[in-house]
Amino acid sequence: MQAKFWKSMRRVVATSFIGGLALLGSAASVAQSWPERPVTLVVGFPPGGSTDVVARILAEHMSETLGQPVLVENRPGAGGTVGIAHVANADADGYTLGVSGVGASILLAAMDRDTGYDIDEQLDIVGVMGTLGLVIAGRNGLEAKTLKELIQHAAENPEDLAYGSSGVGTPGHLAMEYLLSIADVEMLHIPYQGNTPLMNDVLGGHVDVALLTTPGAAEQVRAGGIYPFAVSSPERSSLMPDVPTVIESGYEGFTATLWNLLVTPKGTPADVQTRLSDALNAAMQDEDVLTSYAEQGLAATLTTPEQAAEFLSTERTKWIGVIADAEVKKK
């Protein structure tokens, strides 16, 4: 009886082992054969915006590398979170990807706003899809001609200057609060409903200083409509190479950039993530992609999934601190 029992157990163990190998082999086969059909890249903003432009530049090159079309799908709403929530709840099979910006990745959750997902629990980070600096610009007629002079004026005349951003809690608002905190000065913040009315008021001389995205600001700088003090990126912008960075202007360590992460649903096979990472990094080294990026004022990035996750962690720590210091409340 005992011999029969152990013989039966050996059969069960052997069957389970073979079954496990079959499952592992099946998973490896799926990863190796992926992608067998088009891949969807979800963008949480309307067509034509900066995030959409980045996605389409990269999707075209990644399609060639992966051997299947990477199709951009726009799901706008709630600062990009509608699209990322869709990705977070999709099947983790590598066929649904997302473009998650700084707002959808960090800022909205840090301000206690409901995003509909938990980025750490529901998404895997594949890589950083490039960065874009902001421009600290002023209306024509200001006496200050450097960022140091602007900050000095604010220090000596604490109620004299006002700056505008595209809204409370936006990257422009937080970047300026970050700079003012470092410089230990204050300016009145005037939030606008987007970049267009903000730009119009700077051009019209109704607000002194503004935080603007690089491509739109560069055009007005060239036309002489606004005056650029500095760019917030770690390096000078390809669109305005004569404009110094904030660091070069005397504020060591200051950087504030817009960026996007390539994300997948949590649990996407590691081999699939590796292939996506390789395809993303290949695009970041392609001459045509680099030319397109330069035309948009974007800086290319090369990151592994691990480096991208560390980037997110570092950015989160910085911006949560800025939000707390600026006492940005839930709106």
Side-chain angles (χ1 to χ4, degrees), residues 44-45 49-51 78-81 100-115 131-139 142 147 150-151 153-154 158-204 206-217 220 226 228-234 237 245-246 249 251 253-260 297 314-331:
F45 296 93
S50 59
T51 303
T81 59
S100 185
V102 60
S105 301
I106 298 173
L107 303 184
L108 294 172
M111 291 184 288
D112 196 29
R113 299 180 189 178
D114 183 14
T115 61
T131 62
L132 175 67
L134 297 165
V135 182
I136 302 172
R139 62 173 174 82
L142 287 176
L147 184 59
L150 182 71
I151 295 298
H153 183 95
E159 298 182 1
D160 194 37
L161 294 177
Y163 80 91
S165 77
S166 58
V168 173
T170 59
H173 171 212
L174 297 176
M176 193 63 180
E177 288 297 324
Y178 180 31
L179 175 60
L180 295 176
S181 174
I182 290 174
D184 194 26
V185 297
E186 294 184 1
M187 286 189 200
L188 174 67
H189 174 223
I190 302 177
Y192 285 79
Q193 295 297 314
N195 281 308
T196 300
L198 171 59
M199 178 65 84
N200 289 338
D201 267 15
V202 182
L203 290 170
H206 305 302
V207 65
D208 301 305
V209 181
L211 271 288
L212 304 164
T213 54
T214 307
Q220 294 299 335
I226 57 177
F229 291 106
V231 293
S232 66
S233 49
S237 170
T245 66
V246 173
S249 301
Y251 300 93
F254 177 94
T255 61
T257 57
L258 304 179
W259 42 260
N260 291 297
T314 300
E315 287 286 289
R316 176 186 285 146
T317 299
K318 176 169 72 177
W319 292 119
I320 285 178
V322 172
I323 288 168
D325 289 344
E327 298 183 344
V328 179
K329 304 298 184 183
K330 182 176 179 180
K331 298 293 180 181

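All of these numbers come straight from a predicted model, not from anything done at the bench.
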Check your understanding: After noting the C-alpha distance and the side-chain angles of Gln220 and Leu212, does the key distance pass the side chain to side chain contact (heavy atoms under 4.5 Å, CB included) rule?
Key -> CA-CA 11 Å; Gln220 294 299 335; Leu212 304 164; over 6 Å; no
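- In terms of modelled atom types and a separation under 3.5 Å, the side chain of Ser232 and the main chain of Ala256 share a donor-acceptor contact.
- Side-chain atoms of Ser181 and Val322, non-hydrogen and from C-beta on, never get closer than 4.5 Å to each other.
- Here the CD1-CG distance, from Ile151 to Asp184, works out to 10.5 Å after rounding to the nearest 0.5 Å.
- The minimum heavy-atom distance between Ala162 and Ile190, with the atom names listed, is CB-CD1, 3.8 Å.
- Taking OG1 of Thr170 as the reference point, atom OH of Tyr192 lies at 13.0 Å (rounded to 0.5 Å).
- Counting only distance, with no hydrogens or angles, the side chain of Lys318 and the backbone of Thr255 share a donor-acceptor pair below 3.5 Å.
- Contact detail for Leu174 and Gly169: the closest heavy-atom pair is CD1-O, 3.7 Å.
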Practice item. Mind running side chain to side chain contact (heavy atoms under 4.5 Å, CB included) on Ser105 and Trp259 for me, showing each step along the way? Key: CA-CA 10 Å; Ser105 301; Trp259 42 260; 3.7 Å; yes
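- Annotation: the span from Leu134 atom CG to Ser165 atom OG amounts to 10.5 Å, rounded to 0.5 Å.
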Review point. Can you list the steps and then say if Leu211 with His173 is a side chain to side chain contact (heavy atoms under 4.5 Å, CB included)?
Key: CA-CA 7 Å; Leu211 271 288; His173 171 212; over 6 Å; no
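- The OG1 atom of Thr115 sits 12.5 Å away from atom CD1 of Ile106, with the distance rounded to the nearest 0.5 Å.
- Ring orientation note: the planes of Tyr178 and Trp319 are nearly perpendicular, at an angle over 60° on the 30°/60° scale.
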Check your understanding: Going through the distances and angles, do Asp325 and Glu177 end up as a side chain to side chain contact (heavy atoms under 4.5 Å, CB included)?
Key -> CA-CA 9 Å; Asp325 289 344; Glu177 288 297 324; over 6 Å; no
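- Scanning both residues, Gly101 and Asn260, for their nearest heavy atoms gives CA-OD1, 3.4 Å.
- Closest of all the heavy-atom pairs between Ala217 and Ile226 is O-CD1, 3.9 Å.
- Annotation: the span from Leu150 atom CG to Leu161 atom CG amounts to 6.0 Å, rounded to 0.5 Å.
- The line from OG of Ser166 to CG of Asn195 is 4.5 Å long, rounded to the nearest 0.5 Å.
- Side-chain atoms of Thr214 come within 3.5 Å of backbone atoms of Gly133 as a donor-acceptor pair (strictly under, hydrogens ignored).
- Screening Asp208, Leu179, Leu180 for a side-chain contact (heavy atoms from CB on, under 4.5 Å) with Met187, the sole residue that qualifies is Leu180.
- Of all the heavy atoms in Ser233 and Thr257, the pair that sits closest is CA-CG2, 3.9 Å.
- Heavy-atom minimum distance, Gly79 versus Leu108: O-CD1, 4.1 Å.
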